[in-house]
Protein chains: 2
Amino acid sequence: MEVKPDVGACDGPVAVHAREILGRVGDKWSLYVIAHLGTETKRFTELKKEIEGISQRMLTVTLRGLERDGLVSRTVYPVMPPRVDYALTPLGRTLLDAVGTLVTWVETHLGEVIESRARYDARAREEAALAAR
Amino acid sequence: MEVKPDVGACDGPVAVHAREILGRVGDKWSLYVIAHLGTETKRFTELKKEIEGISQRMLTVTLRGLERDGLVSRTVYPVMPPRVDYALTPLGRTLLDAVGTLVTWVETHLGEVIESRARYDARAREEAALAAR
DNA sequence: CTGTATCCGTACTGATACTG
DNA sequence: CAGTATCAGTACGGATACAG
């Protein structure tokens, strides 16, 4: 796929709003929620269990944001105990490709990034030691 | 492309570190810097001018982070006035696809997201007004 | 079960001023 | 030109308690 090297270089409406959208998609949890939902329908507690480390609050906040943006649908069943289903909307499902690409990239190149960090930090420590003299 | 619906569902090392990597890639500015660099080499000020709204500090911080992760190379020319060139490394260039997919998605679906937000907010206001009685 | 409300520490951010 | 240093405001994120 061809990459557009000049996102936002033009100052049209797209550039103006692009950041807040990426802010949603790129925030700490949204990508995880989207990836975990995939094409399935899941309940609140299912997501909570599967997405390791997310707090109840953050899951709620993230789901609300995604719902507001039309990426996730929320279905409440008025039963006791309550039951709420979440699923990607058609719009949300169009994001799966992009998310999948990113996730695959991370899985593929994670090792290289970690090694690069280690090298960088080692070099930084050396230079700091040198400068101390 | 096939999406893996269960990122992090397994609790291996990938799941452990995936978030910090996505944290780098998905932070407020990294995607912009990567997209703007593309396959070109650019100077600090060029990037500063092209990426609307970024502060000098944040551009520095972002570039340092990307350099640490091995995604961006930094070349200093010891001349007066100083000149520093930035470019994507081969590793960084492998990210262009993923970034491009996301950027394209945003450009394509931005309108739908904004409309959805407007609808959601309008509905929320109605319900708030109803509840006030 | 699926939330909401609140508190509180921290990390991020931008503005500003200064340097080689 | 290309940074670094500092500081103050804010938004975020987690823990906890409580409710429908």
Side-chain angles (χ1 to χ4, degrees), chain A residues 19-33 36-37 41-69 72-87 120 124 127-128 130-132, chain B residues 8 18-33 36-37 41-69 72-87 120 124 127-128 130-132:
Chain A
R19 197 176 314 139
E20 50 179 306
I21 307 295
L22 285 176
R24 155 123 338 281
V25 169
D27 77 357
K28 195 175 178 183
W29 298 111
S30 292
L31 283 176
Y32 285 89
V33 171
H36 272 280
L37 277 175
T41 294
K42 300 203 176 177
R43 302 180 57 174
F44 186 88
T45 310
E46 275 185 276
L47 288 169
K48 175 90 171 60
K49 269 186 302 191
E50 290 176 10
I51 303 177
E52 202 198 353
I54 196 171
S55 65
Q56 191 179 43
R57 172 180 146 76
M58 278 307 106
L59 182 53
T60 301
V61 169
T62 302
L63 284 168
R64 284 289 180 284
L66 292 172
E67 188 196 358
R68 182 165 102 102
D69 286 353
V72 160
S73 66
R74 180 170 177 269
T75 312
V76 183
Y77 298 92
V79 298
M80 210 29 201
R83 175 199 176 112
V84 183
D85 282 355
Y86 293 94
Y120 185 98
E127 283 166 20
L130 240 64
Chain B
R19 196 175 315 140
E20 51 178 305
I21 306 295
L22 285 177
R24 155 124 336 284
V25 169
D27 77 357
K28 195 174 177 184
W29 297 110
S30 292
L31 284 176
Y32 284 90
V33 171
H36 271 281
L37 277 175
T41 294
K42 299 204 176 179
R43 302 182 58 174
F44 186 88
T45 310
E46 274 184 278
L47 289 169
K48 175 88 171 60
K49 270 186 301 190
E50 290 178 9
I51 304 177
E52 203 197 354
I54 196 170
S55 66
Q56 190 179 44
R57 174 183 145 77
M58 279 306 107
L59 182 53
T60 301
V61 168
T62 302
L63 284 168
R64 284 286 181 285
L66 292 172
E67 187 196 358
R68 182 165 102 103
D69 287 353
V72 159
S73 67
R74 179 169 178 270
T75 313
V76 183
Y77 298 91
V79 297
M80 219 12 212
R83 175 195 178 116
V84 183
D85 281 355
Y86 293 94
Y120 185 97
E127 283 165 21
L130 240 63

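Just so it is clear, the values below take in all heavy atoms, side chains as well, and ignore hydrogens, waters and symmetry mates. So you know, we letter chains A, B, ... as the sequences are listed, proteins then strands, and number each from 1. Remember, it's a predicted structure, so these values are computed and weren't measured experimentally.
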* C/dC12 C1' sits how many Å from B/R64 CZ, rounded? -> 18 Å
* Asked: How close or far is atom P of D/dA2 from atom CD of B/E67, stated in whole angstroms?
  -> 15 Å
* Asked: For every nucleotide of nucleotides 15-20 of chain C, 5' to 3': is a protein heavy atom under 4.0 Å from its base (B), only from its sugar-phosphate (S), or from neither (-)?
  -> B----B
* So what does B/Y86 hit on the nucleic acid, given a heavy-atom distance under 4.0 Å: a base, only sugar-phosphate, or nothing? -> sugar-phosphate
* Return the set of residues passing side chain to side chain donor-acceptor pair (under 3.5 Å) with B/R83 (not counting sequence neighbours), or none when no residue passes. => B/D85
* Please walk me through it: do B/F44 and B/Q56 pass side chain to side chain contact (heavy atoms under 4.5 Å, CB included)? -> CA-CA 9 Å; B/F44 186 88; B/Q56 190 179 44; 3.8 Å; yes
* Asked: Just how far, in rounded Å, is P of D/dC1 from CG of B/L63?
  -> 16 Å
* With B/A87 via side-chain contact (heavy atoms from CB on, under 4.5 Å) - residues at least two apart -> B/T41, B/S73
* Under the side chain to side chain contact (heavy atoms under 4.5 Å, CB included) criterion, do A/T60 and A/R57 qualify, and how do the steps go? -> CA-CA 5 Å; A/T60 301; A/R57 172 180 146 76; 5.8 Å; no
* Asked: Taking only N and O in the side chain of B/R74, is any of them less than 4.0 Å away from OP1 or OP2 of D/dA2?
  -> no
* **Residues forming a side-chain contact (heavy atoms from CB on, under 4.5 Å) with A/R74, sequence neighbours excluded** => A/R64, A/E67, A/V76, A/V84, A/Y86
* Structure fact -> Separation of C/dG3 atom C1' from A/Y77 atom OH, nearest Å, is 17 Å
* Can you check the A/I51 CD1 to D/dG13 C1' distance for me, whole Å? -> 15 Å
* Structure fact -> Out of D/dG14, D/dT4, C/dG14, minimum distance to the side chain of A/W29 belongs to D/dG14
* Checking side chain to side chain contact (heavy atoms under 4.5 Å, CB included) for the pair B/L63/B/L47: CA distance, chi angles, key distance, verdict? -> CA-CA 10 Å; B/L63 284 168; B/L47 289 169; 4.2 Å; yes
* To do: Consider the side chain of B/R43, meaning its heavy atoms from C-beta on, and name the nucleotide among D/dG14, D/dA2, C/dG3 that approaches it most closely.
  => D/dA2
* Structure fact -> The nucleotide from D/dA2, C/dT4, C/dT13 with an atom nearest the side chain of B/M58 is C/dT13
* **Whole-Å distance separating the CG atom of B/L47 from the C1' atom of D/dC1** => 13 Å
* Integer-rounded Å distance: D/dG3 P and B/D85 CG -> 10 Å
* Among all residues two or more places apart in sequence or in another chain, which pass the side chain to side chain donor-acceptor pair (under 3.5 Å) test with A/R43? -> none
* Which nucleotide in the set D/dA2, D/dT4, C/dG3 lies at the smallest distance from any side-chain heavy atom of A/F44? -> C/dG3
* For A/K48 and C/dC1, give me the distance from atom NZ to atom C1', rounded to whole Å. => 13 Å
